[in-house]
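The structure appears below as structure tokens.
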Amino acid sequence: MSEERYPFAEVEARWRTRWDEDDAYHVDLDAEHDDRRYVLVMFSYPSSSRLHIGHWWNYGPTDTHARYLRMNGALVFEPMGFDSFGLPAENYAIKVDSHPKQVTEQSIEFIRGQLKQIGAMYDWRWEVVTSRPNYYKWTQWLFLKLYEHGLAVQKEGLVNWSPTLQTVLANEQVVNGVDERTGNPVVQRKMTQWYFRITEYTEQLLAELKQIDWPEGTIKRQENWIGRSEGTSIRFPVEGHEHVSIEVFTTRPDTLFGVTYLVLAPENDLVERLTVRARTREVEEYVQQALSATEMERTAAERKKTGVFTGAYATNPLNGERLPIWVADYVLGSYGTGSVMAVPAHDQRDFEFARRFELPIKIVIQPVGYVNDVEDLTEAYVEPGIMVDSGDFSGLRSEVGAKAVTDRLPGMDAGGPAVTYRLRDWSVSRQRYWGCPIPMIHCEKCGVVPVPEEDLPVLLPDEIRDFRPKGTSPLGAMENWINTTCPNCGGPAKRDADTMDTFVDSSFYHLRYLAADRDDVPFDRRRMKKWLPIHLYVGGPEHSTGHLIYIRFITRFLHDIGWCPVAEPAKKMIHQGIITKDGMRMSKSKGNVVNPDKFIDRYGSDVFRMYLMFTGDYRLGGDWSDEGITGIDRFINRVWRLIVHFPGDTRPAGKLDARNYPEVVYRTLHNTVKEVGDDLAELSFNTAISRMMELVNELYKWLGEDGDSDADAGAVRELLAVLVRVMAPFAPHFCEEAWARLGGEPFVFQQPWPDYDPAALVRETITFVIQVNGKLRDRIEAPADASDEQLEALALDSERIAGHIVGKKRVKTIVVPGKLVNLVVK
RNA sequence: GCCGGGGUGGCGGAACAGGUAGACGCGGCGGACUCAAAAUCCGCUGGGCAUUGCGCCCGUGGGGGUUCGAAUCCCCCCCUCGGUACCA
């Protein structure tokens, strides 16, 4: 057989040009079609100007899936765009002393070219770029809609401030007290900010999680993030303040008689009001210190509890006990009511605090079977038990008592059942330049006034001299931009100087793609009806609690106001795993980052993308090996040699004649078509590739190295034409060339997926396994339709079996049709 | 701590619904081709014992269990990766 090697460089370049020239991936979103599939993979963030291996791992396999759907007759929409606002572009611009807009546009140009190398079916007419006015006009429009519906509000409150980035961050962007992107510490700061009231949607976001086909882990993470907690709200009147009471939230109302003090979070406004004069200075100092400390510092100190006494007292509504009111930073200002009732005997945190500050500990829940004693207590008893020392509730089991206590409260005007969520409102103001301007105007006379819709977009000014972060938005320093007139009264006014969190940009891009050609409307309702929800959404699991909550929220909001036909963006979602090197995560610091270009130059992009798919289960991730890629390279070249050895000038036939092929070849071919199809439908790329390799191995056995003269060239060509079609989604450039050489008309991805003949998979004789007591002892050939009795007789006939059953009593025989016979003996 | 994923040859990884563990590939060994090498093709390749025959024993992180039969189901434990963490 020829030893010519597949000339990937020339072939790939040629077909890419051809696809472009023929506009081969043109998608008509308005076309009538009964099987539409919106395959969406998260768009890219052009922070660096090169595609890294993660992009290939993300985009190549999804395109393979999309191509498979297309060959199966679906009209597939597979768009691509750029999430191009944000800090990385700004930081990069600072580094190279350029302008964010310029570096962003350059990166997009470059990356688009690289994306084309992947060979995906992107129709670039639908591209969206979030940093361009024709996109962010609609980001601003969305803001106005939210404002109109009372879901965009300005609040003063404590926010996560990053001193390094000089901007506010959303809760979702802060992990363990540090910025999740850069690892920089974050402090609390009081600021006025715009918030989107996502908390209005908690119940809906939670309920719908049960209806969607998303990875279980992601659903769990969202549930935890929203953090619905059922419990009881209890009000404790404060001594000497007739109209003031401290409201707490608790999930353990059964421990109410064990409360020995109350705690306010340092952020709580009541601290200032309630603190007695003699203790003012101490409390103020504590509060200040607690708030200025980063969360890192707060948690670093071995979790030792700190706090101060306010000098004030409250009253337990149930038993009238006098309770000292403390301030401590182990109580979070942003959860529940920002204050708790402390039950040291039954809550570990309260226990530690009480021990440290020598506050009383009172046991009100006893376990069943033994009795706890305060003196001997080394930790809080947090399990349920039997209520003791709890007035007329004593003797009740925790679960019963909790309900009884909660039921008693409303009558005393002291509280009742309550639900609390962990999810907070989404803070969207950012004090940075490279983002979408907030379309709001601040007028001295009229207050906050929205920019009229017809004035959108509020353009982000290009001519900025200094966009560097300085703690306040750089836009605020631009006199000619910040100063404007009030749309309401015409008087002098100022624009909002902040820009929006980039998660706002990506919260509706899936809808904007469908109207990317229209500047007159944000979305195209007709197309949305046809294409939504997204058939398959693919992206990293790291977006579980950020982007994926926001995109659900915004989709739902747009649904509620009649702009979107569906309430949930994606019916099905999967996460790609991570690609590792030697089992380790790739990172610059480890110096183990694989550079795709090196391998694409050497093997071509088809081999590269195919090898990535071969390394492992797409959802679990794979491990990159510099040597392993040669396996795919060999495979491609093995197919290539078959192609060049059996070129054709006629269109390959549709149906194959079984008589032209050895039985095993014919069967393997049909099996390959079936298995590859099944695997592609469920994104099992690695096993699909194995199946194709098996077929090629069979072909080489049949045809031999030099090509068997007995084999009919036309028949081989027909078979290869089937192989090329099932291979096309994996190696689009290669298969385009192979298809052409076999006499096929372009393009191969416009061909229908081949049929397989189920009858070809049926074997007349099967190798049955014979087991004795479940252990493999022999194999026999028998007709596929042999009866149980026949199989048992054959098994007993076997010489090898004889030795294992001689002198033993046969207990029973188990026959698994088509597979095995198991003789059970004693 | 809690939630989720994962632990299978020298390596990456297969195994549908409990039914031949290790498909496919890398690497390794042997052979063919070659003056030679590369490339290519073919064969072998979990461990141990036996290799005078076929064969026999062990083996899917560890320990128990259910079953005729367990990588797969149940219980306990270990390791690892990811998420989250004073949430009252």
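Worth knowing before you read on, the calculation uses all heavy atoms, side chains too, and leaves out hydrogens, waters and symmetry mates.
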**Report entry** Spacing of the C1' atoms in B:A14 and B:C2 (rounded, Å)
**Finding:** 33 Å

Report task. Using a strict 4.0 Å threshold on nitrogen-to-oxygen distance, state whether A:Glu792 and A:Arg810 make a salt bridge. Result -> yes

Requested in this report: Assess whether salt bridge (Lys or Arg N to Asp or Glu O under 4.0 Å) is satisfied between A:Arg355 and A:Glu352, documenting all intermediate values.
Outcome: CA-CA 5 Å; A:Arg355 277 281 153 92; A:Glu352 286 164 21; over 6 Å; no

Query raised in the report: So, A:Asp633 and A:Arg5, do they make that salt bridge, N to O below 4.0 Å?
Result: yes

Report task. Would you please classify the geometry between the A:His543 ring and the A:Phe503 ring as parallel, tilted or perpendicular, with 30° and 60° separating the classes? Result -> perpendicular

Requested in this report: Can you tell me, in whole Å, how much space there is between the P of B:G12 and that of B:G7?
Outcome: 12 Å

Requested in this report: For A:Asn822, report the nucleic acid contact type (base, sugar-phosphate, nothing); a contact means any heavy atom under 4.0 Å.
Outcome: base

Report task. Please work out if A:His804 contacts a base, only the sugar-phosphate, or nothing of the nucleic acid, heavy-atom cut-off 4.0 Å. Result -> sugar-phosphate

Query - Sub-4.5 Å side-chain heavy-atom contact between A:Phe768 and A:Val815 - result: no

Requested in this report: Looking at every strand, decide which applies to A:Arg221 at a 4.0 Å heavy-atom threshold: base, sugar-phosphate, or nothing.
Outcome: sugar-phosphate

Report summary line: Of B:G19, B:U40, B:G6, the nucleotide closest to the side chain of A:Arg641 is B:U40

**Report entry** Pairing partner (Watson-Crick or G-U wobble, both distances under 3.5 angstrom) of B:G1
**Finding:** B:U84

Query raised in the report: Which base, if any, makes a Watson-Crick or G-U wobble pair with B:U40, both distances under 3.5 Å?
Result: B:A32

Requested in this report: Pick the C1' atom in B:G28 and in B:C81, then give their distance to the nearest Å.
Outcome: 30 Å

Report summary line: When both distances are under 3.5 Å in a Watson-Crick or G-U wobble arrangement, the nucleotide paired with B:G9 is none

Report task. Pull up the glycosidic torsion of B:G5 and say syn or anti, syn being anything within 90° of 0. Result -> anti

Report task. Taking atom C1' in both B:A21 and B:C16, compute the distance separating them and give it to the nearest angstrom. Result -> 15 Å

Query raised in the report: NZ of A:Lys775 versus P of B:C56: gap in Å, rounded?
Result: 10 Å

Requested in this report: Fit a plane to each ring of A:Tyr330 and A:Phe353, take the angle between them on a 0 to 90° scale, and name the class: parallel (under 30°), tilted (30 to 60°) or perpendicular (over 60°).
Outcome: tilted

Query - Nearest-Å distance once atom P is located in both B:G10 and B:G59 - result: 16 Å

Query raised in the report: When you compare B:C57 with B:G6, how far apart are their C1' atoms, in angstrom units rounded to a whole number?
Result: 30 Å

Below 3.5 Å between N/O atoms, which protein atoms pair up with nucleotides 21-26 of chain B? Just atom names and distances, please.
residue : atom : partner  : partner atom : Å
B:A23   : O2'  : A:Glu694 : OE2          : 2.5
B:A23   : N1   : A:Ser690 : OG           : 3.4
B:G25   : OP1  : A:Asn697 : ND2          : 3.2
B:C26   : OP1  : A:Arg634 : NH1          : 2.6

Report task. Just call it for A:Arg585: base, sugar-phosphate, or nothing, with non-hydrogen atoms closer than 4.0 Å on any strand. Result -> sugar-phosphate

Requested in this report: To the nearest 0.5 angstrom, please state how far the CG atom of A:Asp254 sits from the CE atom of A:Met387.
Outcome: 6.0 Å

Query raised in the report: What about A:Lys701, does its side chain sit under 3.5 Å from the base of B:C42 through a donor-acceptor pair?
Result: no

Query raised in the report: To the side chain of A:Lys220, which of B:G4, B:C56, B:C68 is closest?
Result: B:G4

Query raised in the report: How far does the C1' atom of B:C73 sit from the matching atom of B:G18, given to the nearest Å?
Result: 8 Å

Requested in this report: Under a 3.5 Å limit for both distances, which nucleotide forms a Watson-Crick or G-U wobble pair with B:G55, could you say?
Outcome: B:C49

Query raised in the report: Considering only the C1' atoms, how many Å lie between B:C74 and B:U52, rounded to the nearest integer?
Result: 47 Å

Query - Gap between atoms CD1 and P, on A:Ile801 and B:C54 respectively (whole Å) - result: 17 Å

Query raised in the report: To the nearest 0.5 Å, what is the distance between CG (A:Leu823) and CD1 (A:Ile814)?
Result: 9.5 Å

Report task. Counting heavy atoms from C-beta on, name the nucleotide in B:C68, B:C56, B:G13 closest to the side chain of A:Arg777. Result -> B:C56

**Report entry** Closest nucleotide among B:C16, B:C56, B:U84 to the A:Trp225 side chain
**Finding:** B:U84

Report summary line: Between the OG atom in A:Ser339 and the CZ atom in A:Phe236, the distance rounded to the nearest 0.5 Å is 9.0 Å

Query raised in the report: How is A:Asn637 classified with respect to the nucleic acid when contacts are heavy atoms under 4.0 Å: base, sugar-phosphate, or nothing?
Result: nothing

Query raised in the report: Counting side-chain heavy atoms from CB outward, which of B:C42, B:A88, B:C87 is closest to A:Tyr700?
Result: B:C42

